Peer 1: 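The structure follows.
Residue numbers begin at 1 in each chain, while the letters A, B, ... track the order of the sequences. Worth knowing before you read on, the calculation uses all heavy atoms, side chains too, and leaves out hydrogens, waters and symmetry mates. No experiment lies behind these values; they were computed from the predicted model shown.
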There are 2 protein chains.
Amino acid sequence: MHLQKYEKIPRATIARLAVYVQELEVMEQQGIKVISSEKLAWSCGVNPSQIRKDLAYFGEFGVRGVGYYVYELREAIKQSLGLDRTWNVVMVGVGNLGRALLRHQLLRKRGFVIVAAFDCDPFKIGEEIAGIEVQCSSKLPQSTIDMGVEIGIITTPPERAQRAANYLIEGGIKGIVNFAPSRITAPENVVVEYVDFIHNLFSVAFNITQHQIKGLL
Amino acid sequence: MHLQKYEKIPRATIARLAVYVQELEVMEQQGIKVISSEKLAWSCGVNPSQIRKDLAYFGEFGVRGVGYYVYELREAIKQSLGLDRTWNVVMVGVGNLGRALLRHQLLRKRGFVIVAAFDCDPFKIGEEIAGIEVQCSSKLPQSTIDMGVEIGIITTPPERAQRAANYLIEGGIKGIVNFAPSRITAPENVVVEYVDFIHNLFSVAFNITQHQIKGLL
DNA sequence: TATACATTGTTAAAAAATTCACTATGCACC
DNA sequence: GGTGCATAGTGAATTTTTTAACAATGTATA
């Protein structure tokens, strides 16, 4: 096992590594066996040094004068990110987005297996989606403890996100991905990550506006 | 209208401004009229200076010794981001995620109105979701031109993302939000933004692993 | 009107991230 | 085995972003 240099790794590096994995998989499917940092950089839209630096946090994976072996690099990155295993996930809040995620194939393909789904709406409880039966939220803490679940996904409306988080925390969860557009508070030892694609729409809207302003100057 | 100082604005600032808007709305609902950068910072999980700096890119919105008027600040930020209008959006790819977004209320609430949806699957064409009829992708370029659409959302499988992008570009779109896990190429004048929540799961998984390693040391 | 206080706006310092430039090294071919 | 070439790894320089510190200024009170 490659031993990571003990140094704080930038958040941005983690995000990029995920992109590298993605692109390496595409290359693998295309039958490409070896890739240089320059070509990989080009297809990921980053600088080649950036890639080499990002990888350097975790070890040496390339061959000088040659490049990186696609398969090996991908595996090495996945291992570095802790993705050489599967993670059990529970979901709280079975609305439109929740359903879409439950049915989403890619999650499982990436090693994230949704093992249970919870909602507080009596009309939803008992419903089966993608082979998973929706359970009452009050059962959440005990279930996650029993099943040894480590990650929770929140897809409730924003006003119920904190309550969902509390259930998850009570259930001994270690990390939360919050899709609800609201901040939540959690103890230090619980990792919280926010997903909000409205931000990306904001960003696009802003950049379009900027482009137009620049065009006028 | 507040004139933005002509200076490049960090991407991270834009993302944070979106968070500020979110939290300001929560505060407004709670009847809070005035807020200091310190309190807002606390609830957004950032540093107070950060907030003041972020806002300074766009103008002066606060009152020294008092703070910021919640309503005014929110409006000012929205205006700064180009969100004091509605944006017409089209969607390409009506799978699970696409359907969820079509039914999502928050998009419209934020001023992003999905005016048309396209898919290349004959079984989906003609279907109506949330009041929008799915059309054949080949009609996309002409439709977006006719409707004056500026933003396109791609929710196709990754292998069809580039084709979707090409249609959108042909249709004179100005910005793309790509939910498919694959990079796309577009001309300079088209803004592209990627959304991939798998990254966030990766990040959580990684951080959990790190926590545990740190715990062992 | 002056004084105290709170909090912004802003400049300077610090920290972090990115990019550059160069060194080291593996491979292919002679 | 030696030479040339390509490309990874890395330390230094640069750029960007964040944080801290403080000066400016509006409000409230006497």
Peer 1: Can a side chain N or O of A:Arg16 be found less than 4.0 Å away from OP1 or OP2 on C:dT18?
Peer 2: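 Yes.
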Peer 1: Let me know the distance between CD of B:Gln50 and P of C:dA14, rounded to the nearest Å.
Peer 2: 18 Å
Peer 1: Tell me whether the side-chain N/O atoms of A:Ser37 come closer than 4.0 Å to OP1 or OP2 in D:dA8.
Peer 2: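 True: A:Ser37 side-chain N/O within range (under 4.0 Å) of D:dA8 OP1/OP2.
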Peer 1: Expressed as a whole number of angstroms, how long is the span from B:Tyr69:OH to C:dT7:P?
Peer 2: 12 Å
Peer 1: Rounded off to whole Å, could you give me the NZ-to-C1' distance for the A:Lys53 and C:dA17 pair?
Peer 2: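 In whole Å, C:dA17 C1' and A:Lys53 NZ are 9 Å from each other.
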Peer 1: For a quick test of reading the model, state the closest non-hydrogen atom pair linking A:Asp84 to A:Gln79 and the distance between them.
Peer 2: OD2-CG, 3.1 Å
Peer 1: Can you tell me the distance, in whole Å, between the CG atom of A:Asp54 and the P atom of C:dA16?
Peer 2: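 For the pair A:Asp54 CG and C:dA16 P, the rounded distance is 17 Å.
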Peer 1: Spell out, as yes or no, whether a donor-acceptor pair under 3.5 Å connects the side chain of B:Gln162 to the backbone of B:Arg160.
Peer 2: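 Side chain of B:Gln162 to backbone of B:Arg160, a donor-acceptor pair under 3.5 Å: no, none is there.
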Peer 1: Using a distance-only test with no angle check, is there a side-chain donor-acceptor pair under 3.5 angstrom linking B:Asn166 and B:Glu170?
Peer 2: no
Peer 1: To the nearest Å, how far apart are B:Arg52 CZ and D:dT18 P?
Peer 2: 15 Å
Peer 1: To the nearest 0.5 Å, what is the distance between CD on B:Glu150 and OG1 on B:Thr86?
Peer 2: 9.5 Å
Peer 1: Starting from the 5' end of DNA chain D, give me the residue, A:Ile35 or B:Pro10, whose nearest nucleotide shows up first.
Peer 2: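 Its nearest nucleotide lies further toward 5', so the answer is A:Ile35.
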Peer 1: Mind checking A:Gly62 for me? I need base, sugar-phosphate or nothing, with any heavy atom below 4.0 Å counting as a touch.
Peer 2: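 The answer is sugar-phosphate, as A:Gly62 gets under 4.0 Å only of primed atoms, P, OP1 or OP2.
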Peer 1: Decide whether A:Glu193 and B:Asn207 meet the rule of one side-chain donor and one side-chain acceptor closer than 3.5 Å.
Peer 2: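 No pair is found: no donor N or O on one side chain lies under 3.5 Å from an acceptor on the other.
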Peer 1: What is the separation between atom CG on A:Leu55 and atom C1' on D:dT10, rounded to the nearest whole Å?
Peer 2: 13 Å
Peer 1: Phosphate oxygens OP1/OP2 of C:dG9: is one of them under 4.0 Å from a side-chain N or O of B:Tyr68?
Peer 2: yes
Peer 1: With a 4.0 Å cut-off on heavy atoms, is B:Ser49 in touch with a base, just the backbone sugar-phosphate, or nothing at all?
Peer 2: base
Peer 1: Can you check the B:Glu60 CD to D:dA23 C1' distance for me, whole Å?
Peer 2: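 Atom-to-atom, B:Glu60 to D:dA23, this comes out as 13 Å.
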Peer 1: Using heavy atoms to find the nearest nucleotide of DNA chain C for A:Thr13 and A:Arg64 separately, return the residue whose nucleotide is more 5′.
Peer 2: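 This one resolves to A:Thr13.
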Peer 1: Closest nucleotide of DNA chain C for A:Val66 versus for A:Val46: which of these residues is on the 5' side?
Peer 2: A:Val46
Peer 1: Nearest of D:dT10, D:dT19, D:dT27 to any side-chain atom of A:Ala56?
Peer 2: D:dT10
Peer 1: Expressed as a whole number of angstroms, how long is the span from A:Phe61:CZ to D:dT10:P?
Peer 2: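 A:Phe61 atom CZ is separated from D:dT10 atom P by 11 Å.
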